[in-house]
Each structure stands twice: as structure tokens, then as C-alpha cells.
Asker: 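Here's a structure for you.
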Amino acid sequence: MKVLPRSFYSRDTVKVAKDLLGKTLVRKINGYTLAGIITETEAYRYKDDPASHAYRGITERNKAMFGEVGKAYVYFTYGMYYCFNVVAKSQRVDAGAVLIRALEPQKGITKMIRNRNTALVSNLTGGPGKLTQSLKITKSQYGEDLAKHSTLYITEGVPPNKVVLGPRIGIRTATDKLWNFKIKV
DNA sequence: GCAGAGATCAGCT
DNA sequence: GCTGATCTCTGCC
């Protein structure tokens with residue numbers, strides 16, 4: 001399967017979020033492969049988006065959002081969980097990223113079960129904190145290049161059937177922006 | 001099956 | 001000091 005080129009991420013953040021649905025996220029660890037189809041994403045932009053980490057400017061944590069597109073922005077939240085984003089923005093904008101909220105497990109499901117310590121497949125990758133645990137994504141993947149073969153990258157997948165949009169989850173401001181995208185499984 | 005507390009880090013109004 | 005782009009475990013309030 002072909003790795004998505006960097007130009008894919010060099011477009012408006014909201015468009016990239018929508019287009020990432022149905023693509024495949026691949027994670028290589030010690031020679032084995034974990035993979036899942038992206039089923040839910042959210043767009044986070046910059047100055048026009050009060051809910052975005054980048055809204056108040058660059059910090060030690062969010063500096064990846066201001067860097068090169070197609071790289072991973074991983075952050076630690078609520079004291080215990082990592083969330084996984086892809087840096088994506090048009091040329092005119094300084095910062096932006098797409099949060100990967102959910103996956104449909106494809107490869108290495110038994111490994112994911114071990115990583116997560118649960119027997120339920122439905123509990124593996126159904127949320128941002130869960131999928132990072134299943135795929136062993138931590139701060140060491142911060143800045144990883146997703147546009148080339150490495151230990152973490154995104155390939156082409158299946159065109160999504162039906163896309164559902166809605167307000168983003170877990171935020172208080174900018175809930176009028178319908179920047180959450182998901183597909184039916 | 002569902003509501004509520006707890007875990008505990010980085011960045012703030 | 002409080003709040004959050006979260007999840008799990010508890011108790012039935």
C-alpha cells in the first residue's frame with residue numbers, strides 16, 4: 001500500500017481531516033506490524049479556532065503543530081493519556097493538526113489486546129487515549145515522519161462509504177464548528 | 001447499564 | 001491552583 005505523500009498534508013486542515021477517513025495507520029514495533037483503518041478524526045486549526053492547542057501560540061508541547069506537515073504531534077493529557085495528531089495545514093496558515101480519534105483494527109489485533117490488557121476488541125482503538133495504548137504511541141513518536149516508511153506512517157486505504165460530521169468531542173468553546181468526521185464501520 | 005470519582009501533567013486568566 | 005482534544009473502576013446514591 002502506498003504511503004500518503006507530504007503534499008497530502010499541505011492542504012486545509014479540515015479537508016485533510018475529512019480525507020484521512022478510510023486511510024490506514026501503520027505501526028511497526030520490533031518487526032511486527034499493527035494497523036488500523038482511520039474511522040474518526042477532528043480538525044484543530046490556529047487563530048480561528050479557540051479550541052485548538054495552537055490558539056494561544058507556540059509552546060514547548062505544541063511546537064510540532066507549527067512545524068513541517070505530515071509529522072506526528074503527540075501530547076500527554078489528563079495526566080495519563082497520550083493523544084495522536086498529524087500536522088496538516090495549508091501554506092497560508094502557521095499551525096494546524098488532525099486528531100486521530102478512532103481506528104478499526106486490521107492487523108496485529110492480538111498484540112493490541114496484549115498492549116491494552118483487555119479482551120474486548122471493541123475496547124481497543126475506540127478513542128484517542130485507547131488507540132495510542134494499543135499502538136504503543138508515546139512521546140518518543142513525537143515528530144515522527146508519517147509521510148515515509150518508518151515505525152509509524154499512514155497509507156492509502158479504502159474510500160469511505162458515508163461520512164458523518166458533528167461537533168468535536170470534549171471541548172467547551174467553538175462547538176459550532178462541525179470539524180469532527182467519522183465513517184460507519 | 002449508567003453516573004460519578006479518580007488518576008495526576010502542562011499550560012494558563 | 002485549576003482545567004482539560006480521556007479512560008477505567010466503582011457502586012447502585
Side-chain angles (χ1 to χ4, degrees), chain A residues 9 12-21 23 25 27 34 36 38-67 69-89 93-105 109 111-144 146 152 154 163-183 185:
Chain A
Y9 304 99
D12 178 72
T13 309
V14 175
K15 282 203 186 73
V16 176
K18 200 190 299 180
D19 288 349
L20 274 173
L21 295 172
K23 304 291 190 282
L25 177 64
R27 172 84 170 111
L34 304 176
I38 297 170
T39 56
E40 187 175 355
T41 63
E42 281 176 8
Y44 286 90
R45 296 211 301 207
Y46 184 31
K47 289 267 172 59
D48 62 339
D49 185 7
S52 170
H53 284 166
Y55 181 67
R56 295 185 224 291
I58 191 166
T59 65
E60 189 55 31
R61 175 173 67 163
N62 69 18
K63 60 184 177 189
M65 289 182 76
F66 293 80
V69 298
K71 300 212 166 174
Y73 166 42
V74 182
Y75 70 90
F76 194 55
T77 192
Y78 290 103
M80 343 183 61
Y81 294 103
Y82 293 101
C83 289
F84 171 60
N85 301 246
V86 191
V87 180
K89 65 207 181 193
V93 184
D94 286 333
V98 176
L99 170 69
I100 310 297
R101 282 195 62 85
L103 301 175
E104 171 74 9
I109 293 176
K111 294 283 188 186
M112 294 188 196
I113 287 174
R114 188 171 308 179
N115 291 343
R116 288 264 304 139
N117 201 26
T118 177
L120 293 173
V121 175
S122 55
N123 260 344
L124 285 178
T125 54
K130 298 184 197 176
L131 74 89
T132 53
Q133 275 186 17
S134 287
L135 301 186
K136 280 194 186 298
I137 294 173
T138 68
K139 263 206 166 69
S140 22
Q141 274 67 52
Y142 193 100
E144 187 87 14
L146 303 169
L152 186 63
I154 299 177
V163 176
V164 184
L165 61 158
R168 290 169 293 178
I169 312 292
I171 58 172
R172 287 157 163 255
T173 54
T175 46
D176 56 316
K177 297 188 189 330
L178 301 182
W179 288 352
N180 173 286
F181 306 97
K182 54 185 161 184
I183 52 180
V185 198

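Throughout, protein chains are lettered first and strands after them, A, B, ... in sequence-line order, and every chain is numbered starting at 1.
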Asker: Report yes if a side-chain nitrogen or oxygen of A/Arg116 is closer than 4.0 Å to either non-bridging phosphate oxygen (OP1 or OP2) of C/dT8; otherwise report no.
Answerer: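 Yes, within the criterion.
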Asker: Sticking with atom C1', work out how far B/dA3 lies from C/dA5, rounded to a whole angstrom.
Answerer: 22 Å
Asker: Should the heavy atoms of other residues, nucleotides or ligands under 6.0 Å from CZ of A/Phe76 be counted, would the total exceed 12?
Answerer: yes
Asker: Where the side chain of A/Lys130 is concerned, which of C/dT8, B/dC12, B/dG11 is the nearest nucleotide?
Answerer: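 My answer, after comparing the listed nucleotides, is C/dT8.
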Asker: Let me know the distance between CD1 of A/Ile100 and P of C/dT6, rounded to the nearest Å.
Answerer: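 After rounding, the reported distance stands at 14 Å.
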Asker: Side-chain N or O of A/Thr77 less than 4.0 angstrom from OP1 or OP2 on C/dT6?
Answerer: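 Negative; the distance criterion is not met.
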Asker: Reckon A/Gln133 touches a base, only the sugar-phosphate, or nothing at all at heavy-atom distances under 4.0 Å?
Answerer: nothing
Asker: Which base sits across from B/dG11 as a Watson-Crick or G-U pair, both distances under 3.5 Å?
Answerer: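 With both distances under 3.5 Å, B/dG11 matches C/dC2.
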Asker: Rounded to the nearest angstrom, tell me the gap between atom OH in A/Tyr82 and atom P in C/dC7.
Answerer: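 Answer to the nearest Å: 15 Å.
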Asker: Say whether, by atom type as modelled, one donor and one acceptor occur between the side chain of A/Thr41 and the main chain of A/Val98 under 3.5 angstrom.
Answerer: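 Checking the backbone N and O of A/Val98 against the side chain of A/Thr41, no donor-acceptor pair under 3.5 Å is found.
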Asker: Which residue, A/Val98 or A/Asn123, contacts DNA chain C at a nucleotide closer to its 5' end, judged by nearest heavy atom?
Answerer: A/Val98
Asker: How long is the line joining CZ of A/Arg172 and P of B/dT13, in whole Å?
Answerer: 14 Å
Asker: Between C1' on B/dC9 and CG on A/Asn62, what's the gap in Å once rounded to a whole number?
Answerer: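 It is 15 Å, rounded to the nearest whole Å.
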Asker: With a 4.0 Å cut-off on heavy atoms, is A/Tyr81 in touch with a base, just the backbone sugar-phosphate, or nothing at all?
Answerer: base
Asker: May I ask you to check whether A/Tyr55 and A/Tyr44 place their ring centers less than 6.0 Å from one another?
Answerer: no
Asker: Report which part of the nucleic acid A/Arg168 touches: base, sugar-phosphate, or nothing (heavy-atom distance under 4.0 Å, all strands).
Answerer: nothing
Asker: Answer yes or no: is there a side-chain heavy-atom contact under 4.5 Å between A/Cys83 and A/Leu99?
Answerer: yes
Asker: I want to check one thing: is the phosphate of B/dC9, taken as OP1 and OP2, less than 4.0 Å away from some side-chain N or O of A/Arg61?
Answerer: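 No.
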Asker: Using whole Å, what does the distance between atom P of nucleotide B/dC12 and atom CD1 of A/Ile58 come to?
Answerer: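 It works out to 12 Å between those atoms.
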Asker: Using the C1' atom as the reference point in each nucleotide, state the distance between C/dT8 and B/dA10 in Å, no decimals.
Answerer: 22 Å
Asker: For atom CG of A/Asp48, decide whether the heavy atoms of other residues, nucleotides or ligands shown that lie under 6.0 angstrom number more than 12.
Answerer: yes
Asker: Has A/Tyr44 got its ring stacked on C/dA5, by the test of a centre gap below 5.5 Å and a plane angle below 30°?
Answerer: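 Stacked: ring centres under 5.5 Å, planes under 30°.
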Asker: How many whole angstroms separate atom CG of A/Leu124 from atom P of C/dT8?
Answerer: 10 Å
Asker: Mind checking whether A/Asp94 and A/Tyr46 have side chains closer than 4.5 Å, heavy atoms only?
Answerer: yes
Asker: If I take atom CE in residue A/Met80 and atom P in nucleotide C/dC9, what distance separates them, rounded to the nearest angstrom?
Answerer: 11 Å
Asker: Please give, in whole Å, the distance from B/dA10 P to A/Phe76 CZ?
Answerer: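 A/Phe76 atom CZ is separated from B/dA10 atom P by 7 Å.
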Asker: Determine whether any donor atom in the side chain of A/Tyr75 lies under 3.5 Å from an acceptor atom in the base of B/dA10, or the reverse, and answer yes or no.
Answerer: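 A donor-acceptor contact between them is absent.
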Asker: Using a cut-off of 4.0 Å on non-hydrogen atoms, how would the nucleic acid contact of A/Leu99 be classed: base, sugar-phosphate, or nothing?
Answerer: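 Base contact.
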